[in-house]
Amino acid sequence: MPQATVPGGGFVMGDAHGDGYRADGELPLHPVRLRGFDIDATTVTVAAFGAFVAATGYVTDAQRFGDSAVFHANAADPSAAQPVPDAPWWLSVPGASWDAPGGPGTVAAPEHPVVHVSHADALAYCGWAGRSLPTEAQWEYAARGGLDGARYPWGTRIPGRTGSRSSRATSRGHRRRR
């Protein structure tokens, strides 16, 4: 997987727009300085994680626990799931794992980002792949793409919310058909 070199620098980490949650550590805002680092240019795909599992026989935490949290609209059988306390839009789905993301009967697309991977699973993958897991600060700095203080990695505006009907992008980032 190709990597990108992110030059060292500084930014203000945290939520400057009131969208975050203090309990998630997004407040208070605080300055961060980083040395340059390398980071994978894309997310780890199902295919790449599958190669790791095939080579090592690794069993993920979700597979060991027997369930994982699935966004309610993606659960294969919502009636077989239990709502996650304090977050009912998430369901605890028996059998949901990296290769069956919606639960039994679903199949993960090889080119999609791998899901249902815990911190321990990610560290195991990184060790096998000869990579390091970025810190939260490294990930946020890289994701901002040099736009310190912007609400989104591309700037401050939501695509498609320009007030013009001619905009081709919607708020979900999909292009409209012409």
Side-chain angles (χ1 to χ4, degrees), residues 1-16 19-21 23-71 74-75 84 87 90 92-104 106-155 159 172-174:
M1 178 175 301
Q3 289 199 303
T5 298
V6 179
F11 73 110
V12 177
M13 187 170 171
D15 172 34
D19 298 325
Y21 299 96
D24 285 347
E26 297 172 355
L27 295 169
L29 294 173
H30 55 283
V32 174
R33 295 234 20 108
L34 295 168
R35 294 181 182 182
F37 59 94
D38 291 334
I39 190 169
D40 285 355
T42 64
T43 59
V44 175
T45 64
V46 169
F49 195 80
F52 158 63
V53 169
T56 64
Y58 187 81
V59 177
T60 65
D61 284 341
Q63 291 169 310
R64 268 195 308 283
F65 299 152
D67 68 346
S68 191
V70 176
F71 187 68
N74 297 333
V84 172
W90 289 101
S92 179
V93 176
S97 67
W98 71 272
D99 57 348
T106 62
V107 178
E111 70 279 7
H112 283 196
V114 70
V115 296
H116 301 295
V117 174
S118 71
H119 185 254
D121 300 335
L123 289 173
Y125 172 84
C126 286
W128 174 80
R131 306 295 172 114
S132 62
L133 194 61
T135 66
E136 183 178 5
Q138 287 173 327
W139 189 92
E140 187 170 328
Y141 184 61
R144 288 172 180 255
L147 295 179
D148 191 18
R151 178 169 284 194
Y152 307 107
W154 57 84
R172 291 188 182 176
H174 300 289

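Numbers for residues simply follow the sequence, beginning at 1.
The distance from the CG atom of L123 to the CG atom of L133 is 5.5 Å, given to the nearest 0.5 Å. To the nearest 0.5 Å, the span separating CD on Q3 from CG on D40 amounts to 5.0 Å. W139 CH2 to I39 CD1: the interatomic distance, rounded to the nearest 0.5 Å, is 8.5 Å.
The number of heavy atoms from other shown groups lying within 6.0 Å of NE2 (H119) does not exceed 12. Atom CD of E111 sits in a crowded spot, with more than 12 heavy atoms from other residues, nucleotides or ligands closer than 6.0 Å.
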* To do: Start with the C-alpha gap between R131 and D38, add the side-chain angles, then the distance that decides, and say whether salt bridge (Lys or Arg N to Asp or Glu O under 4.0 Å) holds.
  => CA-CA 9 Å; R131 306 295 172 114; D38 291 334; over 6 Å; no
* Go through D19 and R151 one step at a time and tell me if the side chain to side chain contact (heavy atoms under 4.5 Å, CB included) criterion holds. => CA-CA 9 Å; D19 298 325; R151 178 169 284 194; 3.4 Å; yes
* V32 vs F11, side chain to side chain contact (heavy atoms under 4.5 Å, CB included): CA-CA, chis, key distance, verdict -> CA-CA 6 Å; V32 174; F11 73 110; 3.9 Å; yes
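Contact record, A16 with L29: N-CD2, 3.7 Å, taken as the closest heavy-atom pair. Here the closest non-hydrogen pair linking M13 and R144 is CA-NH2, 4.4 Å. Looking at every heavy atom in both residues, A75 comes nearest to V93 through CB-CG2, 4.1 Å. Of all heavy-atom pairs spanning V44 and F49, the tightest one is CG1-N, 4.1 Å. Here the closest heavy-atom approach between residue A150 and residue G155 is recorded as CB-O, 3.6 Å. Of all heavy-atom pairs spanning L34 and A137, the tightest one is CD1-O, 3.7 Å.
For the pair Q63 (side chain) and T60 (backbone), a donor-acceptor distance under 3.5 Å is present. In this structure, the side chain of R64 engages the main chain of V59 through a donor-acceptor pair within 3.5 Å. Not one N or O on the side chain of D61 forms a donor-acceptor pair closer than 3.5 Å with the backbone of A120. No side-chain donor-acceptor contact under 3.5 Å links H116 to the backbone of S68.
Classification of the Y141-F37 ring pair by plane angle, with boundaries at 30° and 60°, yields tilted. In this pair, Y125 and F52 present their aromatic rings perpendicular. The plane angle is above 60°, beyond the 30 to 60° band. Ring planes of W154 and Y152: parallel class, angle under 30° (limits at 30 and 60°).
Proximity of V12 to D148: side-chain heavy atoms (C-beta onward) are separated by under 4.5 Å at one or more points. Using a 4.5 Å cut-off on side-chain heavy atoms (C-beta onward), V46 and W98 make contact.
In summary, the side chains of Y58 and D121 do present a donor paired with an acceptor at a separation below 3.5 Å, with no hydrogens or angles considered.
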